[in-house]
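Index from 1, following the sequence. Hydrogens, waters and symmetry mates are skipped; everything else that's a heavy atom, side chains included, is used.
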Amino acid sequence: MKHQPAISTLTLEHRIPAAEDWMADPWAEVRPLVDGVDVLKEVHPEGAAPSCRDWRGPSESWPLAVTTAPRRVLITEPACTAGCCGALYVTVRREGGQVIWDAWENTSDITAVPADIHFDAAQYEAELARAAADRSWEEPVDTVARLLEQTLVDSGWFERWDCVLTGVWPRREEPGLPEELALPEGVDVEFRQDRATGTPACSYRYELLLAHAQSPQEQARRLAVGILADDPRKGAERQ
């Protein structure tokens, strides 16, 4: 009788980085748990899963999406990048009514990898869709940053000034830092202006503050109005 592999349950959990982890992506990672267990932590303890920003596009672009062909996926990497300290990779493929994670590769100092994992395809895809739509984990600063980024992207404003929006990030308070080094909670907006071939691009940054008396929706609108009022290069700090 052919052995049938156990079917596991996937849960995706948003985790905001610890305040003291200043190197981490300020957006929440979307952490995969298998049967409620963080099996990736055991073999790649320094790794973080892809950011929630990577889950905003079409479903086929999501980090753990199942496509018609097997995909080699970076499932966790350190804050210093995969090329520096190694990452954990897995191949994601569909076989009938199952999604399978196998062909693991650990390029860090720890060479151990999880065993092959089998999921029910319907449960797996439903969990991906649920996590992509989940906003319950957001703190007000996350909501402001997400809404502001969407407004700026939809406006096409930076392109009007021959600039490219490169990122919008929640800026969390950093307890323990000296007052002269710490920035208050807010949102950072980064963009660049590409120059002629052979010359470096100019980078710019807004360091925007939150107004806690306003709702996140009101704050995002207020911040967007300030940026969209004039040439963004005038109001931002050149890096």
Side-chain angles (χ1 to χ4, degrees), residues 12-31 48-59 61-63 74 77 79-81 131-174 177 181-195 200-239:
L12 296 171
E13 181 178 280
H14 288 78
R15 295 185 184 178
I16 293 173
E20 63 273 12
D21 193 358
W22 61 272
M23 287 185 63
D25 185 330
W27 286 103
E29 63 171 319
V30 182
R31 190 81 181 176
S51 163
C52 61
R53 296 179 83 243
D54 298 320
W55 289 82
R56 294 183 188 165
S59 59
S61 72
W62 296 341
L74 187 154
E77 67 176 329
C80 60
T81 76
D134 183 16
R135 303 285 181 261
S136 64
W137 61 272
E138 288 185 343
E139 297 178 347
V141 67
D142 299 293
T143 306
V144 174
R146 174 175 55 81
L147 294 175
L148 177 60
E149 181 176 39
Q150 189 61 59
T151 299
L152 297 178
V153 169
D154 292 345
S155 72
W157 186 248
F158 290 92
E159 290 79 3
R160 175 175 174 176
W161 303 96
D162 297 323
C163 295
V164 177
L165 179 66
T166 54
V168 179
W169 316 95
R171 185 178 66 249
R172 306 180 196 281
E173 293 183 345
E174 300 179 77
L177 278 183
L181 297 178
L183 287 172
E185 186 179 44
V187 175
D188 296 328
V189 177
E190 299 175 357
F191 64 98
R192 72 171 190 270
Q193 181 179 31
D194 291 329
R195 292 184 167 184
C202 290
S203 297
Y204 298 84
R205 180 185 182 97
Y206 286 98
E207 293 177 351
L208 306 172
L209 302 181
L210 295 191
H212 291 288
Q214 295 179 313
S215 71
Q217 292 75 17
E218 291 170 329
Q219 293 189 73
R221 284 193 292 269
R222 171 180 60 83
L223 296 176
V225 166
I227 293 173
L228 300 176
D230 200 356
D231 181 344
R233 296 166 296 180
K234 294 180 179 179
E237 180 180 349
R238 186 169 173 176
Q239 301 297 292

Rounded to the nearest 0.5 Å, how far apart are [atom1] of [X] and [atom2] of [Y]?
| X | Y | atom1 | atom2 | result |
| --- | --- | --- | --- | --- |
| E159 | L165 | CD | CG | 7.5 Å |
| Y206 | I227 | OH | CD1 | 5.5 Å |
| F158 | R192 | CZ | CZ | 12.5 Å |
| Q150 | L152 | CD | CG | 9.5 Å |
| C202 | D162 | SG | CG | 12.0 Å |
| C52 | D25 | SG | CG | 7.5 Å |

Heavy-atom distance under 4.5 Å between the side chains of [X] and [Y], does that happen here?
| X | Y | value |
| --- | --- | --- |
| E149 | R53 | yes |
| L148 | L208 | yes |
| D142 | R172 | yes |
| P232 | W161 | yes |
| L228 | S155 | yes |
| H212 | E185 | yes |
| E13 | W137 | no |
| T143 | R135 | no |

Taking the six-membered ring of W169 as reference, does the cationic atom of R205 (NZ for Lys, CZ for Arg) lie under 6.0 Å from its centre and within 45° of its axis?
no

Would the distance check show the side chain of [X] and the main-chain N or O of [Y] forming a donor-acceptor pair, the cut-off being under 3.5 Å?
| X | Y | answer |
| --- | --- | --- |
| R171 | L209 | no |
| W55 | W62 | no |
| Q219 | A211 | yes |

E29: which residues meet the salt bridge (Lys or Arg N to Asp or Glu O under 4.0 Å) condition with it, sequence neighbours left out?
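In terms of salt bridge (Lys or Arg N to Asp or Glu O under 4.0 Å), with neighbours along the sequence ignored, E29 is linked to R31.
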
Looking only at non-hydrogen atoms, find the nearest pair between [X] and [Y] and report the distance.
| X | Y | result |
| --- | --- | --- |
| A224 | T151 | CB-CG2, 3.8 Å |
| H14 | A131 | CE1-O, 3.3 Å |
| L147 | A220 | CB-CB, 3.7 Å |
| A145 | P170 | CB-N, 3.9 Å |

